[in-house]
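Notes for the one structure printed next.
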Amino acid sequence: MDLSSELGKEMYRNMWRIRLFEEEANRQTSLGSVVGALHMYCGEEAVAVGVCSNLRDDDYVLGTHRSHGHCLAKGAESRRMMAELFGKVTGTCAGKGGSMHIADFSLNMLGANGIVGAGIAPATGAALASKLRGTDQVSVCFFGDGAAARGTFHEGIGLGALWKLPVIYVCENNQYQQWVPRMNVAVVDSVADMAGSYAIPGVSVDGQNLVEVYEVAGEAVERARKGGGPTLIEARTYRFYGHSLGDEEQYRTSEEVEEWRTNQDPIINFRSTMMEQGWLTEEEDAQIQNEIQDEIAEAVRFAEESPYPTPEQVTTDVLAPAQEVA
Amino acid sequence: MDLSSELGKEMYRNMWRIRLFEEEANRQTSLGSVVGALHMYCGEEAVAVGVCSNLRDDDYVLGTHRSHGHCLAKGAESRRMMAELFGKVTGTCAGKGGSMHIADFSLNMLGANGIVGAGIAPATGAALASKLRGTDQVSVCFFGDGAAARGTFHEGIGLGALWKLPVIYVCENNQYQQWVPRMNVAVVDSVADMAGSYAIPGVSVDGQNLVEVYEVAGEAVERARKGGGPTLIEARTYRFYGHSLGDEEQYRTSEEVEEWRTNQDPIINFRSTMMEQGWLTEEEDAQIQNEIQDEIAEAVRFAEESPYPTPEQVTTDVLAPAQEVA
Amino acid sequence: MMRTLTFTEALREALHEEMDRDDTIFVIGEDVITHGGPYKVTEGIAERFPGRIFETPIAEAGIMGVGVGAAMAGMNPVVEIMYMDFVTCAMDEVVNQAAKMRYMTGGQASVPMVIRLPCGVGRLLAAQHSQIMESWFMHVPGLQVVVPSTPGDAKGLLKSAIRSPDPVLFFEYKRIYTSRGEVPDGEHTIPLGQAKICREGEDATIVAIGPMVQKSLEAAILLEDDGYDVEVVDARSLSPLDTDTICESVRRTGHAVVCGEDSSFAGAVSEIAAMIGENCFRELNGPVVRVGSPHVPMPFSSELVKHVVPEVPNITEAVGRVMM
Amino acid sequence: MMRTLTFTEALREALHEEMDRDDTIFVIGEDVITHGGPYKVTEGIAERFPGRIFETPIAEAGIMGVGVGAAMAGMNPVVEIMYMDFVTCAMDEVVNQAAKMRYMTGGQASVPMVIRLPCGVGRLLAAQHSQIMESWFMHVPGLQVVVPSTPGDAKGLLKSAIRSPDPVLFFEYKRIYTSRGEVPDGEHTIPLGQAKICREGEDATIVAIGPMVQKSLEAAILLEDDGYDVEVVDARSLSPLDTDTICESVRRTGHAVVCGEDSSFAGAVSEIAAMIGENCFRELNGPVVRVGSPHVPMPFSSELVKHVVPEVPNITEAVGRVMM
Ligand SMILES: Cc1ncc(C[n+]2csc(CCOP(=O)(O)OP(=O)(O)O)c2C)c(N)n1
Ligand SMILES: Cc1ncc(C[n+]2csc(CCOP(=O)(O)OP(=O)(O)O)c2C)c(N)n1
Ligand SMILES: [Mg+2]
Ligand SMILES: [Mg+2]
């Protein structure tokens with residue numbers, strides 16, 4: 001393992017940040033402070049963190065409807081994200097986007113997306129931009145197993161492969177597409193196997209194992225950065241919550257969920273690894289969790305105290321202000 | 001070879017019908033009688049004929065912008081097709097469709113199509129219709145190698161594979177997509193290799209060899225009819241003319257074209273086979289060609305003498321006549 | 001009194017009755033079995049009509065294309081697009097295929113397909129889950145566009161849409177799925193292409209679309225206090241548009257306001273307003289005013305949304321303006 | 001006298017000049033290298049700007065999505081859709097992505113992308129290769145819609161479109177690619193959002209779009225014989241629409257005809273007519289009449305096409321009607 005204790009702690013902390021941020025957002029939804037859909041990423045934290053820990057600040061990330069994890073892993077501030085969920089003007093998107101559209105362009109996090117599969121071609125485009133500029137930035141696109149059925153998967157990856165662009169396509173195969181088990185509506189089990197149609201490497205990894213994700217993504221990022229073209233990574237994972245809040249989850253058994261929660265929690269898995277490696281003590285662990293807890297509590301306070309956008313803001317940001325136009 | 005002399009002659013005649021129909025349509029274009037685009041199928045005749053000779057009258061066929069061959073092979077009347085190209089009311093589509101939209105619903109030829117890749121999902125839908133009705137009709141969709149890049153290829157075949165529908169996807173890989181050589185814009189050479197993404201059989205055949213096409217399609221049709229699901233067939237072929245009329249063909253050499261015309265003409269190839277098998281004499285050959293020539297001459301006469309649609313017909317066929325509406 | 005149903009129940013009943021009547025009808029869409037779709041309209045169909053409902057992967061273009069092909073091959077698909085916003089993933093299939101097949105084939109093809117489109121704001125889901133876009137489909141020859149505003153109309157129009165030999169875009173405003181209203185039992189069809197006068201009046205005509213019909217009726221009551229006797233016409237069918245009923249009303253009242261929930265600019269209300277202006281100019285005593293959303297994407301924050309979606313005061317204000 | 005160029009040459013010149021000026025600009029589309037696109041607008045770019053033009057497989061959604069992503073990452077893509085009809089294959093990318101990104105991200109994203117759309121009838125290619133659909137994109141907040149009618153405007157508007165920080169749908173009517181007109185050398189930009197008065201007149205205003213501008217000018221000459229002095233306004237920019245210029249003219253003349261080549265029903269002309277009716281009612285002395293195609297798909301036969309596309313007599317007839 002070419003991980004250090006420091007990086008390990010950083011990643012561990014990031015996973016907790018995602019977990020606690022979302023659990024709090026969930027709670028705020030039941031309190032009525034957060035409205036709209038909330039697609040919980042809990043259970044899949046190792047994917048976002050394992051991949052994004054290989055990225056530079058100037059690398060691009062594009063997400064999905066389930067992107068709190070992607071945003072936080074790329075470095076977005078939890079308090080501005082929480083404010084966004086509250087619909088406040090201090091939110092990452094000034095309250096105009098909400099959970100499905102969180103973006104932070106200062107971090108080259110080019111946005112979550114409410115349309116399944118809609119980030120794949122744009123990620124390819126961002127990679128084309130780096131290539132045209134001659135920088136070695138890479139782009140990462142996260143998407144679900146459901147998105148692999150969409151034409152945009154085929155067209156977007158096809159173009160990335162054709163131009164050998166620095167882009168990594170990360171499929172989070174959580175085995176469900178909204179309320180439907182994947183294998184009810186898919187014929188091939190492994191999305192990685194589809195890479196053959198694009199003559200690019202396709203790799204399947206255990207998405208609950210942070211180290212494995214980190215290493216496989218690391219190879220892909222390195223290859224991309226050196227001009228070796230795209231990789232399709234499939235991370236086998238699981239969402240601990242329903243598709244979005246209010247989901248009755250009749251399509252899966254509570255035993256199945258329990259089994260994953262108990263034995264396949266990526267945070268708990270990685271905690272054991274850290275402990276085994278002697279990279280984390282019980283005290284450090286408690287401290288990390290406490291710090292994150294405080295951060296999230298502060299995020300809620302910030303969100304609560306922030307103002308709503310004003311009625312005038314309804315009509316701004318449709319087009320750039322006139323003076324910018326040539 | 002499980003072909004008979006009779007079927008052989010029938011197929012041979014059908015290939016000539018396509019060849020001579022198109023060469024005449026081409027001539028009529030230069031005379032100004034036919035206007036609009038004319039995408040010539042010449043050189044690819046063995047694909048349409050080899051596939052359609054396995055079909056029943058009630059099987060479905062969907063085509064492309066280059067579908068004169070598909071229509072004729074499914075049994076459409078050359079004179080009505082010629083009248084359509086002339087924009088006459090006696091045309092297959094009453095002059096409303098033209099070359100890119102020829103259809104004959106009485107033969108379950110559900111139409112050529114001006115949008116690349118647009119027939120794939122509808123062919124899947126026609127196959128779903130047979131399955132729902134419990135008939136054993138199969139559907140065939142023809143499309144070019146260019147269409148394999150489109151999302152509709154991925155989505156349409158994906159659904160056919162999921163429901164194991166009686167549909168055969170026939171890719172006519174003529175190595176060019178409009179004015180671009182396929183390998184300038186594609187990463188995998190063989191479209192058949194993409195079948196893996198859909199867990200269905202993918203077969204590549206020599207599209208200039210009628211017997212091979214006929215046999216491979218025969219297996220696929222039989223499998224489909226018996227409930228074995230879809231097949232993706234790639235027929236490697238070549239178009240003897242430019243993309244459409246007026247094409248300067250600067251993207252390929254005249255040597256390449258000459259080589260294919262001389263050594264890879266599907267009609268000449270099959271004529272040799274027929275002669276070798278003793279299924280065709282020189283006299284019969286001359287007679288067949290003469291008969292077709294007469295048929296095409298008669299088609300032109302029919303088209304010329306037919307009236308144009310009337311101005312009132314501009315507004316009919318937008319919706320069904322009111323009385324049909326519930 | 002007639003029994004009442006919710007909008008959702010009325011749609012469900014129409015589907016069941018029609019599927020019972022005609023076994024060429026089938027349902028296709030995402031999550032339509034496991035969950036009955038996000039609004040549970042297709043709930044119960046899998047049990048009652050096994051094998052006639054298809055739950056798909058996320059592939060709107062594929063789903064729509066399958067619908068077109070099945071329709072051309074003699075079936076009657078009812079396609080559910082989970083949110084109307086996703087029909088953008090299948091526009092070729094709707095616009096270049098379904099709409100044009102009959103014409104391009106010189107009348108040979110028939111595409112008897114219903115495309116159900118849950119639309120407009122519901123829960124706060126922001127710009128990519130709140131669109132309406134009726135005017136897009138109005139503008140496409142060969143398509144019919146239907147917008148029920150009550151459970152009774154929902155049932156009657158869906159049944160007629162299913163029986164139509166041509167494609168119908170069927171708009172279901174999410175906000176009114178749970179609204180209740182009277183719904184006739186059994187056979188009840190409403191011809192496509194007919195507007196409905198919901199309230200008679202002499203001073204001004206409000207032509208309204210979808211949920212704006214109810215709001216217009218509420219506005220009409222408030223306007224009584226100002227001494228205005230307002231007629232409310234539910235357009236119901238946007239294409240074909242019932243220009244006769246609308247113009248007859250406007251000619252009578254001499255004033256017109258056109259209300260829709262979608263943004264007005266190049267929206268459905270623009271067509272109706274232009275049509276009234278063109279046909280009723282001599283009888284109009286004031287401008288034809290449009291009420292709709294401003295030309296902005298739907299924001300997320302509830303504090304912004306409330307300034308986007310038009311409400312009763314926008315209607316009363318508009319009527320006041322045309323009467324000046 | 002100023003030099004003349006064809007419409008195609010003017011577009012090509014604009015592209016070359018802009019690519020010279022700003023190296024974030026690149027071109028992407030089908031057959032744009034091998035053939036310069038079907039109308040040869042991109043001819044010569046591969047030679048002069050190697051590595052800045054991308055010829056793609058047939059994948060409109062992919063192409064458009066790549067454009068959106070590259071634009072968000074700081075580049076300025078000029079996307080060519082071979083025929084506007086094929087933009088139906090990429091509507092999510094245009095409508096839900098490009099158009100809404102700035103708004104959804106609270107102003108963070110900029111999508112400076114030009115989408116070139118060859119449109120309308122050209123050679124007889126029937127229903128799937130002749131559409132226009134300006135009104136679809138007008139109706140989408142966040143998009144700009146531009147329609148040049150002369151080579152000079154083509155150059156000036158394309159340059160401004162490329163410099164705009166927001167997406168522009170740039171409509172190129174195929175029929176006028178070969179038309180000639182005066183084009184200023186070098187720097188020449190025309191601000192988006194401004195209509196142009198092409199001919200002054202006192203009796204009626206014709207607001208025209210694209211090739212209908214030229215036909216309106218021809219109609220204006222014929223109408224002189226009937227004693228009508230007609231003003232012709234080229235709308236040029238459909239979104240944002242220059243309501244000021246249009247209304248100022250109509251208020252002056254008291255009569256308005258709105259002409260477009262696309263079908264009128266829920267078309268661009270409907271928005272303009274409704275807007276005039278709403279803002280200029282008191283000054284109007286006749287109805288606002290629309291001229292456009294009937295609500296039918298484009299047929300193939302030349303004998304049918306000539307009854308679809310509006311021509312000069314349709315305009316003179318309409319002006320006669322509003323003056324009655
Ligand atoms: C084009 C499109 N179709 C349908 C939807 C509705 N929808 C939202 S999430 C979702 C399931 C996505 O499944 P997957 O891609 O596996 O992601 P997951 O939710 O499992 O993370 C669906 C169908 C959508 N947002 N966009
Ligand atoms: C969606 C779409 N994009 C582009 C076109 C323009 N176009 C017509 S034919 C063609 C090339 C098609 O190539 P291929 O599928 O290989 O068929 P071929 O012409 O070689 O038979 C293109 C790009 C179209 N008709 N539809
Ligand atoms: Mg999933
Ligand atoms: Mg080809």
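Note on naming: letters A, B, ... go to the chains in the order of the sequence lines (proteins, then strands), and numbering restarts at 1 for each one.
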Do A:V318 and D:R102 have side chains that approach each other closer than 4.5 Å (heavy atoms only, starting at C-beta)? no
Please state whether the side chain, the backbone, both or neither of A:S139 comes within less than 4.5 Å of a heavy atom of chain D. neither
Report yes or no: does D:Y103 contribute a side-chain atom to a donor-acceptor pair with the main-chain N or O of A:V314 at less than 3.5 Å? yes
A:E84 portion near chain D, given a 4.5 angstrom heavy-atom threshold: neither
Using a 4.5 Å heavy-atom cutoff, which residues in residues 108-130 of chain A come close to chain D? A:L110, A:N113, A:I115, A:A118, A:A121, A:P122, A:T124, A:G125, A:A126, A:L128, A:A129
Tell me, side chain or backbone of D:M101 under 4.5 Å from chain A's heavy atoms, or both, or neither? side chain
Distance (rounded to the nearest 0.5 Å) between A:W163 CH2 and D:I28 CD1: 4.0 Å
Reported CD-to-SG distance for the pair D:Q108 and A:C93, which is rounded to 0.5 angstrom: 5.5 Å
What residue, out of A:A94, A:S106, A:A103, A:G95, has the most heavy-atom pairs lying under 4.5 Å from chain D? A:A103
Which portion of A:L165 sits near chain D, non-hydrogen atoms under 4.5 angstrom: neither
About how many Å separate CE of D:M72 and OH of A:Y60, when rounded to the nearest 0.5 Å? 9.5 Å
A:R133 versus D:M75: any side-chain heavy-atom pair under 4.5 Å? yes
Region of A:V167 that comes under 4.5 Å of a non-hydrogen atom in chain D: neither
So if I take each residue of residues 9-20 of chain D and look for any heavy atom under 4.5 Å from a heavy atom in chain A, which residues do I end up with? none
Among the options A:L62, A:I102, A:D104, A:T152, pick out the one with the most heavy-atom pairs lying under 4.5 Å from chain D. A:D104
Do you know which of A:T316, A:T92, A:L132 has the most heavy-atom pairs with chain D at a distance under 4.5 angstrom? A:L132
For A:L159 against D:P57, the heavy-atom pair lying closest together: CD2-CD, 3.5 Å
Any side-chain heavy atom of D:F54 sitting closer than 4.5 Å to one from A:L162? no
Going by heavy atoms in the side chains, are D:T105 and A:K96 under 4.5 Å from each other? no
May I ask you to decide if A:L319's main-chain N or O and D:D166's side chain share a donor-acceptor pair within less than 3.5 Å? no
What residue in D:I63, D:N96, D:V66, D:T56 has the most heavy-atom pairs under 4.5 Å with chain A? D:V66
Above 12 or not: heavy atoms from other molecules or residues under 6.0 Å from NZ of D:K196? yes
Among D:G106, D:G193, D:A99, D:A71, which residue has the highest count of heavy-atom pairs closer than 4.5 Å to chain A? D:G106
Taking atom CD of A:E155 and atom CD of D:E60, what is their separation to the nearest 0.5 Å? 7.0 Å
